[in-house]
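Residues take their numbers from the sequence shown, with the count starting at 1. Values below: every heavy atom of this structure, side chains too, minus hydrogens, waters and symmetry copies.
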Amino acid sequence: TIKSIPKQRRTAMLYVHYCITCDKIHILNGHKKICPACGKKLHELKLTFLQYSTLDDTDRQKLLTRIHDRLSGGADTPQVR
């Protein structure tokens, strides 16, 4: 169980979130609902931290555009949880 692991060795799970107000992707530990920057609603993405971390800058910008379009009423993007 998690309690049997010393606190120093426990790691937090990182999740990819998007804030439409800030138009920013946030990497946060846990399933957060509120944006740490503006206090508005966050959307958790089905994209893993590992998948996001391996994207280059161009692909990250394309992802950001697709997410913004989807949440703003546009079409095709990665799924939001």
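- For the atom pair H31 NE2 and E44 CD, the distance stands at 5.5 Å (nearest 0.5 Å).
- Between S72 and I20, the shortest heavy-atom contact is OG-CD1, 3.6 Å.
- Residues L64 and F49 share a hydrophobic cluster, clusters being chains of Ile/Leu/Val/Met/Phe/Trp/Tyr side chains in contact below 4.5 Å.
- In this structure, a donor-acceptor pair under 3.5 Å is absent between the side chains of Q61 and T58.
- The aromatic ring centres of Y18 and H26 sit 6.0 Å or more apart.
- Looking at R60, its side chain does come within 3.5 Å of a backbone N or O of S53 through a donor-acceptor pair.
- The CG atom of L45 lies 4.5 Å from the CD1 atom of I67; values are rounded to the nearest 0.5 Å.
- Looking at every heavy atom in both residues, D59 comes nearest to L55 through CB-CD2, 3.9 Å.
- With rounding to the nearest 0.5 angstrom, the OH atom of Y15 is 13.5 Å from the CG atom of L47.
- If you take CD1 on I27 and CG on L14, they are separated by 7.0 Å, rounding to the nearest 0.5 Å.
- When all heavy atoms are compared, the tightest approach of P36 to L42 is CD-CD1, 4.3 Å.
- Rounded to the nearest 0.5 Å, atoms SG (C38) and NZ (K24) are 10.0 Å apart.
- Note: M13 CE to L28 CG = 13.5 Å, rounded to the nearest 0.5 Å.
- Using a distance-only test at 3.5 Å, with no hydrogens or angles considered, no donor-acceptor pair links the side chain of H43 to the main chain of K41.
- Other residues, nucleotides and ligands contribute at most 12 non-hydrogen atoms within 6.0 Å of the CG atom of D57.
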